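Here the structure is a predicted model, which means the values were calculated and not measured.
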Amino acid sequence: TGKPVVKKKDVNATITIAAPGKITHRQALGLIYDALRLEGFAVLEMEESIRIVPKAEVAQQDVLTVTGPLPENLRQQKSRLIRRVITLQSVDAATIKAHLEPLLGEHASITADERTNKLIVTDTVSNIERFDQILVELDTIGYGEMEVKIIALKDADAPEIAKVLS
């Protein structure tokens with residue numbers, strides 16, 4: 001990246017990466033970030049440097065905040081920690097927060113701003129992309145208002161009943 005790496009005194013790990021063949025610089029960096037995450041550290045790519053901190057200290061760090069769609073160059077940095085502000089259109093932020101919390105990575109966070117109906121998520125790019133995919137499905141009119149029932153038919157043909165109900 002050409003950026004200096006800044007680490008806290010207590011950050012100490014030896015990492016060995018073995019690849020079956022040649023890998024790109026970006027792939028190697030992603031593997032290093034993943035290995036550091038497995039050792040309990042977070043890698044924060046800043047404007048002018050890269051910080052390595054214990055995961056427990058991530059919330060106190062200044063990370064990149066994204067308010068719109070993720071730029072393509074950021075999408076390639078799957079292990080990068082970012083903060084994403086997501087505006088919800090049709091569903092209540094507090095309700096969606098409850099559904100997404102179990103999916104958060106370790107030491108990630110999610111906050112629901114009920115006044116603006118926005119979520120503020122701090123997690124890796126890969127997890128935030130996953131949240132985006134989930135929200136496309138959940139942030140719809142009628143979410144939570146629909147009820148699905150399965151009814152066993154005794155004396156009727158299911159495909160024929162489906163045609164009648166459609």
Side-chain angles (χ1 to χ4, degrees), residues 1-114 116-140 143:
T1 65
K3 296 178 182 179
V5 176
V6 180
K7 69 177 190 74
K8 290 191 69 169
K9 283 188 232 176
D10 55 343
V11 174
N12 192 13
T14 301
I15 299 169
T16 303
I17 297 174
K22 281 190 168 189
I23 59 175
T24 67
H25 175 62
R26 181 50 67 189
Q27 289 171 320
L29 199 55
L31 290 171
I32 291 169
Y33 288 0
D34 288 342
L36 284 166
R37 197 169 59 230
L38 289 173
E39 293 295 325
F41 302 111
V43 179
L44 309 174
E45 279 196 47
M46 311 306 283
E47 194 76 24
E48 296 181 12
S49 66
I50 296 173
R51 291 186 198 163
I52 302 174
V53 298
K55 281 185 183 177
E57 297 179 19
V58 167
Q60 295 96 26
Q61 299 296 315
D62 181 28
V63 297
L64 174 69
T65 299
V66 179
T67 56
L70 294 176
E72 188 56 39
N73 66 329
L74 195 57
R75 288 180 176 279
Q76 296 172 9
Q77 302 172 43
K78 301 289 186 194
S79 299
R80 182 172 178 177
L81 193 73
I82 63 170
R83 183 168 294 119
R84 174 93 189 274
V85 179
I86 303 167
T87 302
L88 299 172
Q89 303 300 319
S90 303
V91 293
D92 176 58
T95 301
I96 290 296
K97 175 187 177 229
H99 292 288
L100 294 180
E101 273 182 315
L103 305 176
L104 287 172
E106 190 178 352
H107 301 294
S109 66
I110 186 169
T111 304
D113 183 355
E114 294 180 39
T116 61
N117 205 39
K118 294 183 181 195
L119 294 174
I120 303 167
V121 182
T122 303
D123 207 337
T124 61
V125 168
S126 62
N127 278 350
I128 288 179
E129 284 181 317
R130 202 164 37 111
F131 292 158
D132 286 347
Q133 292 170 346
I134 292 168
L135 288 172
V136 165
E137 298 298 321
L138 298 183
D139 191 17
T140 60
Y143 175 77

Engineer: Rounded to the nearest 0.5 Å, how far does OG1 of Thr140 lie from CG of Leu135?
Structural biologist: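 Between Leu135 CG and Thr140 OG1, I get 10.5 Å after rounding to 0.5 Å.
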Engineer: Using the side-chain hydrogen bond (donor to acceptor under 3.5 Å, both in side chains) definition, which of the options Asp123, Thr111, Thr122, Thr67 pairs with Arg83?
Structural biologist: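 Single pass found, and it is Thr122.
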Engineer: Going from NE2 on His99 to CD on Glu101, what distance comes out if it is rounded to the nearest 0.5 angstrom?
Structural biologist: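 Nearest 0.5 Å value for the NE2-CD distance: 11.0 Å.
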Engineer: Below 4.5 Å, heavy atoms only, C-beta onward: do Thr124 and Arg37 meet side chain to side chain?
Structural biologist: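 When only atoms from C-beta onward are counted, Arg37 and Thr124 do touch, with a gap below 4.5 Å.
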Engineer: Does some side-chain heavy atom of Ile50 sit less than 4.5 Å from a side-chain heavy atom of Val43?
Structural biologist: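 They are in contact (side-chain heavy atoms under 4.5 Å apart), so the answer is yes.
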Engineer: Keeping the roles fixed (side chain from Arg130, backbone from Leu103), state whether a donor-acceptor pair exists under 3.5 Å.
Structural biologist: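 Checked: pair present.
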Engineer: Pick from Asn117, Thr116, Asp113: which one makes a side-chain contact (heavy atoms from CB on, under 4.5 Å) with Leu88?
Structural biologist: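 Single pass found, and it is Asn117.
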Engineer: Between Asp139 (side chain only) and Gln89 (backbone N and O only), is there a donor and an acceptor less than 3.5 Å apart?
Structural biologist: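 Yes; judged by distance alone, with no hydrogens or angles, the pair exists.
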Engineer: Do Ile110 and Leu104 have side chains that get closer than 4.5 Å, going by heavy atoms?
Structural biologist: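 They are in side-chain contact.
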Engineer: Between side-chain atoms of residues 68-78 and protein atoms elsewhere (two or more places apart, or another chain), which donor-acceptor pairs fall under 3.5 Å?
Structural biologist:
from  : atom 1 : to     : atom 2 : distance (Å)
Arg75 : NE     : Leu70  : O      : 3.3
Arg75 : NH1    : Glu129 : OE2    : 2.8
Gln77 : OE1    : Arg80  : NH1    : 3.2
Gln77 : NE2    : Asn73  : O      : 3.1
Lys78 : NZ     : Arg75  : O      : 3.2
Lys78 : NZ     : Glu129 : OE1    : 2.6
Lys78 : NZ     : Glu129 : OE2    : 3.4

Engineer: Tell me, do Ile128 and Val66 make a side-chain contact under 4.5 Å, heavy atoms counted?
Structural biologist: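 The answer is no; the side chains never approach within 4.5 Å.
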Engineer: Can you tell me how far the NZ atom of Lys7 sits from the OG atom of Ser49, to the nearest 0.5 Å?
Structural biologist: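 Rounded to the nearest 0.5 Å, the NZ-OG separation comes to 14.5 Å.
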